[in-house]
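To start, the structure itself, in structure tokens.
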There are 2 protein chains.
Amino acid sequence: MSIIQYKNNDRLLLAIDCIIFGFDGRYLKGLFVKRQIEPQKDKWSLMGGFVKETESVNNAAGRILNELTGLSNIYMEQLFCFGDADRDPGGRVVSMSYFALIKIDEYTSELMNTHNARWFELNKIPKVIFDHKQMVKLAKERLQQKVSNHPIGFELLPDKFTLPQLQNLYEAIYETPLDKRNFTRKILSLGILNKLKEKEKESSRKGAFYYMFDKAKYKKLENEGVRFI
Amino acid sequence: MSIIQYKNNDRLLLAIDCIIFGFDGRYLKGLFVKRQIEPQKDKWSLMGGFVKETESVNNAAGRILNELTGLSNIYMEQLFCFGDADRDPGGRVVSMSYFALIKIDEYTSELMNTHNARWFELNKIPKVIFDHKQMVKLAKERLQQKVSNHPIGFELLPDKFTLPQLQNLYEAIYETPLDKRNFTRKILSLGILNKLKEKEKESSRKGAFYYMFDKAKYKKLENEGVRFI
DNA sequence: GCAAAAGTGTTTTGTCTACACCCATGA
DNA sequence: TCATGGGTGTAGACAAAACACTTTTGC
């Protein structure tokens with residue numbers, strides 16, 4: 001086989017940068033780390049790494065997320081290829097950005113310390129290196145758009161969640177208040193949530209019923225006709 | 001500056017593959033070429049090339065499109081990064097796919113001959129190399145989705161076009177017939193088309209008025225609230 | 001005068017929006 | 001008993017969908 005055919009072409013470094021979203025019940029947050037290498041060492045940065053010769057780009061993204069968070073089986077999606085020739089002063093690095101949705105309490109504080117990581121509210125992110133600010137902006141827009149048609153919001157919530165929690169999440173993502181009655185009606189009308197007998201009693205006297213997302217029921221509708229919000 | 005920091009990481013070949021759409025008045029088509037290099041020489045393939053060290057990825061895509069079609073200022077958009085480690089038997093090549101929309105009659109037959117290129121109806125594309133079939137499928141889905149919110153359909157039509165032509169285009173993209181009255185009402189209600197005095201007389205006795213897309217009028221609406229279909 | 005495509009309105013249906021009160025409970 | 005957040009229904013506005021006939025003109 002003829003790698004020979006390609007040998008006159010340039011080879012580039014291909015990086016992964018990952019915007020990791022979390023939701024604490026009130027705020028939509030992003031996870032940032034203090035960069036460990038030059039250039040821009042100790043500056044805030046997205047989690048990232050390099051793609052290896054022997055792995056697929058998507059697998060590299062999964063690997064890097066796993067190395068840095070200990071998590072696997074996470075919802076991840078390609079975001080955009082950032083490819084300006086001078087985007088990284090350390091070399092010719094093309095970056096594939098991904099966004100990931102994790103349940104915020106699964107990312108433990110030990111790991112936060114190990115990697116010098118911190119959650120920031122999306123409206124209060126610090127100065128970040130290179131084009132990472134643009135990546136975050138784009139990721140947020142993509143999340144807003146995606147969450148309106150696809151059942152990915154649940155990735156940010158515990159397996160059991162209440163309708164008020166779910167509404168808070170959508171309000172945080174869209175940065176706009178929603179009408180409680182319209183919201184519940186619409187979500188429940190999709191028929192993809194299972195109501196549990198159990199109530200969440202922390203945040204109110206009355207307590208709110210838990211629900212779970214029913215993937216099987218969703219699959220049946222998936223023929224694209226689903227509008228979440 | 002410390003490219004040194006990155007030097008232990010693998011360098012990969014980064015290719016561009018471009019799905020070029022055209023519309024002949026009836027059918028949505030894709031442009032394919034006979035591949036000029038091994039492996040898989042002489043097989044049908046998308047237009048492609050490699051990103052150079054010194055250029056941005058987006059510019060590379062523009063350059064490659066220009067080299068192969070002679071066209072510039074073309075609507076192009078990143079599609080997806082295809083990064084399986086074994087996707088190309090000729091080497092470790094990651095491909096950024098793009099889709100482009102061109103006016104079909106601007107791609108001349110000389111160029112078709114030069115590059116061994118051919119238009120294929122999207123439903124009748126030949127066997128193509130590597131993962132290019134997947135790329136085409138994804139591009140088509142993305143086009144369908146994008147064209148519903150963004151005024152990019154016009155990129156596939158001559159500057160002057162008739163409403164029946166525009167409707168044919170949408171019908172071809174969505175592979176579904178549309179109601180003529182509802183279609184015209186909706187499109188015209190957006191207030192982004194200018195009606196000309198002139199008629200197109202080829203395709204009917206009566207003749208159909210020409211319209212032009214008015215970019216300035218569109219810009220005023222662009223605050224995302226636009227639904228084309 | 002007829003074939004072939006362009007142009008044009010109205011009614012029905014469904015979806016989205018706005019809006020306010022009672023309920024359950026722990027303190 | 002009261003403060004707090006959870007839960008529920010209806011009416012009006014608006015947008016989408018269904019549907020058929022008249023107009024123009026080259027042959």
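First the proteins, then the strands, lettered A, B, ... as listed; each starts at 1.
- For the pair B:L166 CG and C:dA6 C1', the computed distance is 15 Å after rounding to whole Å.
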Passes side chain to side chain contact (heavy atoms under 4.5 Å, CB included), B:F82 versus B:L138? Steps please. CA-CA 11 Å; B:F82 287 79; B:L138 196 63; 4.1 Å; yes

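- Using a 4.0 Å cut-off between a side-chain N of Lys or Arg and a carboxylate O of Asp or Glu, B:D17 and B:R87 qualify as a salt bridge.
- Under the rule for a side chain to side chain donor-acceptor pair (under 3.5 Å), the partners of B:E198 that lie at least two apart in sequence or sit in another chain are B:K160.
- When the side chain to side chain donor-acceptor pair (under 3.5 Å) test is applied to A:S148, no partner is found at least two apart in sequence or on another chain.
- Taking 4.5 Å as the limit, every side-chain heavy atom of A:C18 sits out of range of all side-chain heavy atoms of A:L46.
- Listed in residue order, the members of residues 179-193 of chain A having a heavy atom less than 4.0 Å from DNA chain D are A:K180, A:R181, A:R185.
- For the segment residues 198-207 of chain A, the set of residues with a heavy atom within less than 4.0 Å of an atom of DNA chain D comprises A:S203, A:S204, A:R205, A:K206, A:G207, in numerical order.
- Checked against the 6.0 Å centroid threshold, A:F209 and A:Y211 do not count as a close aromatic pair.
- The OH atom of B:Y210 sits 12 Å away from the P atom of C:dA6 (whole-angstrom rounding).
- The salt bridge (Lys or Arg N to Asp or Glu O under 4.0 Å) test applied to B:K124 returns B:E121, not counting sequence neighbours.
- Taking the centre of each ring, B:Y27 and B:W119 stay at or above the 6.0 Å mark.
- Ring centroid separation for the pair B:F161 and B:F154 comes in under the 6.0 Å cut-off.
- First and last contacts of DNA chain D with chain A, using any nucleotide atom under 4.0 Å from a protein heavy atom and ordered 5' to 3', fall at D:dA3 to D:dT10.
- Residues A:Y170 and A:F183 place their aromatic rings such that the two centres sit under 6.0 Å apart.
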